There are 2 protein chains.
Amino acid sequence: MNDELGRRCETALGELLQRRMRVNLYEELVAGVGRGVDITSYPILSGLARLGPVTAGTLGAEVGLDRSGVSRHATRLEEGGLIVRRPDPDDARNTLLILTDDGERIIAVLRERLAGMFDQQLRSWPREQAEQFVAGLERFVRENHDRSFADIAPGADTPLTPMDQERS
Amino acid sequence: MNDELGRRCETALGELLQRRMRVNLYEELVAGVGRGVDITSYPILSGLARLGPVTAGTLGAEVGLDRSGVSRHATRLEEGGLIVRRPDPDDARNTLLILTDDGERIIAVLRERLAGMFDQQLRSWPREQAEQFVAGLERFVRENHDRSFADIAPGADTPLTPMDQERS
DNA sequence: TCCAATGCGTGCGTCTTGCACGCATTGGAG
DNA sequence: CTCCAATGCGTGCAAGACGCACGCATTGGA
C-alpha cells in the first residue's frame, strides 16, 4: 500500500517536473523584467539569493550547471547591474558573485510574485491540507537536496528488469 | 499567515524545479536503457503513456514542446522500436503516436523504478504525513494542469508589482 | 624559490528548441 | 463534382544553452 503512495507520487511529480510547468511558471514570472533576467538566468539569481555570495563553481553545483554556464549567466546579470563579481578576500583565486541592491530588490519582488501565486492557489484549500502539503513538500525537498550532495553512487539500488535487450 | 505558506511553498518548489533535481533524477532513471530513451525523450514517452495514442501537436501541448521537437523525439523512439506512427483512421491528416508492446513494457519499468525511489524515501515518513503530502501534491498538480490549459495568460507586459487576483 | 593544486572565464563543438515552409488531407461552399 | 480555406505533420534553418578543455592567475606546501 505504501507502494501505491510511491506510484501516486511518481505520477504527480512526473507532471510537476514537466517542461510545460517550468516554462509557464517562469516565463510568466520574468516577463518584462529585463536586466538579463530570463528563464535560464533566473535559477542563477535565485540560487545566489539563497546561498549568499558564492563562487561560480559552488553555485553551479547547487543549481546543477557547469561553471562555464554559471559564468555566462553571471556576465549577463552583471551587465544588467543585478550582481557584481568581486575577488574573495580570503582567496583571490575565487571570484565571488554578489547581489547588488538592485539584484536584491528584483529577486525579492520575483519571489514575492511567486509566493503570491502559490498563496492564491492554496487559499482555496482547507487550511489543514495546505499546511500539511507545504510541510511535506519542505521535508521532501530537503531530503532530496541532502541526498543529492551526500549520495554519489547507489548503483545497485534498483535492479534492471528483463529489458536489457540490445537491438542496435 | 497564509502568505507565509505561499512563501514557504515558493522556496520549496523553487528547489524542486531546479535543474539539478531533474538531471539527477531522470539521468539516473534512463541510464543504460537506450532505445532512443534519454532525459529529453523520456517526457515524450511518459506523456504518451499517460495520454494514449495522440498526435504530435497534442502531445507537445501536454509536455510544453513544439510539434517539431516532439516529431524529432518520436522519430528517435520509433527507431528504437518503442513507438509507431500510424495515420488516424478518422482523419488522415493526423499521425497518431502509439506505444508498441516494447514501449509499454519499458515505460512501465521506468515508472516502477521511479515509484520505488519515492516509495523508499516516503517509507521513513510518518504514514500520516506521507499520505497528506501525496494527496496535496496530487491536488496541487491537478489544479495547475487545469489552469495551464484553461488560462490564456496575457502577462506579456506585467508590471513589476505583486499581482493580486480574486480566487476562482 | 618552485611546483602541484585549485578555480575562473572563454573558445569550440554538440544538442535541443522554435519558426517557417512545403506537402497532404479534410470539410464546406458554389 | 470542383475548388479552396483550414488543419496538421515533418524537415531545413537559425538561435540559444550546455559541457569540455585550454590558458591564466593564485595559493600553499616542499
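From a predicted model like this one, the values you see are computed outputs, not experimental measurements. So that the names make sense, note that chain A is the first sequence line, chain B the second, and so on, each numbered from 1.
- With a 4.5 Å cut-off on side-chain heavy atoms, Glu62(A) and Val54(A) do not count as touching.
- With dT16(C), dT11(D), dA17(D) as the candidates, the nucleotide lying closest to the side chain of Arg76(A) is dA17(D).
- Under the Watson-Crick and G-U wobble criteria, each requiring two contacts below 3.5 Å, nucleotide dG29(D) is paired to dC2(C).
- As rounded to whole Å, 13 Å separates atom P of dG10(D) from atom CG of Leu77(B).
- For the contact set between residues 50-62 of chain A and DNA chain C, defined by any heavy atom under 4.0 Å, the members are Thr55(A), Ala56(A), Gly57(A).
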What's the verdict on salt bridge (Lys or Arg N to Asp or Glu O under 4.0 Å) for Glu15(A) and Arg142(B), showing C-alpha distance, side-chain angles and the deciding distance? CA-CA 9 Å; Glu15(A) 282 209 53; Arg142(B) 176 164 19 90; over 6 Å; no
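- At distances below 3.5 Å, not a single donor-acceptor pair connects side-chain atoms of Arg20(B) with backbone N or O atoms of Gly64(A).
- Residue Thr95(A) places its side chain closer to dG9(C) than to any other of dA17(D), dG9(C), dG10(D).
- With hydrogens and angles ignored, the 3.5 Å screen pairs no side-chain donor or acceptor of Thr95(A) with any backbone N or O of Arg85(A).
- dC18(D) is paired with dG13(C) under the Watson-Crick or G-U wobble criterion, all donor-acceptor distances under 3.5 Å.
- Residues Glu143(A) and Arg147(A) are not in side-chain contact: their nearest non-hydrogen atoms beyond the backbone lie 4.5 Å or more apart.
- Panel note: side chain Ser41(B), backbone Gly36(B); a donor-acceptor pair is recorded below 3.5 Å.
- Leu96(A) places its CG atom 13 Å from the P atom of dG7(C), with the value rounded to the nearest Å.
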Does the protein touch nucleotides 18-27 of chain D at the base, only the backbone, or not at all? Give it as B, S and - per nucleotide, heavy atoms under 4.0 Å. SBB-----BS
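- With sequence neighbours left out, the salt bridge (Lys or Arg N to Asp or Glu O under 4.0 Å) criterion links Arg67(A) to no other residue.
- dG12(D) is paired with dC19(C) under the Watson-Crick or G-U wobble criterion, all donor-acceptor distances under 3.5 Å.
- By the 4.5 Å heavy-atom criterion applied to side chains, Val63(B) and Gln18(A) are counted as neighbours.
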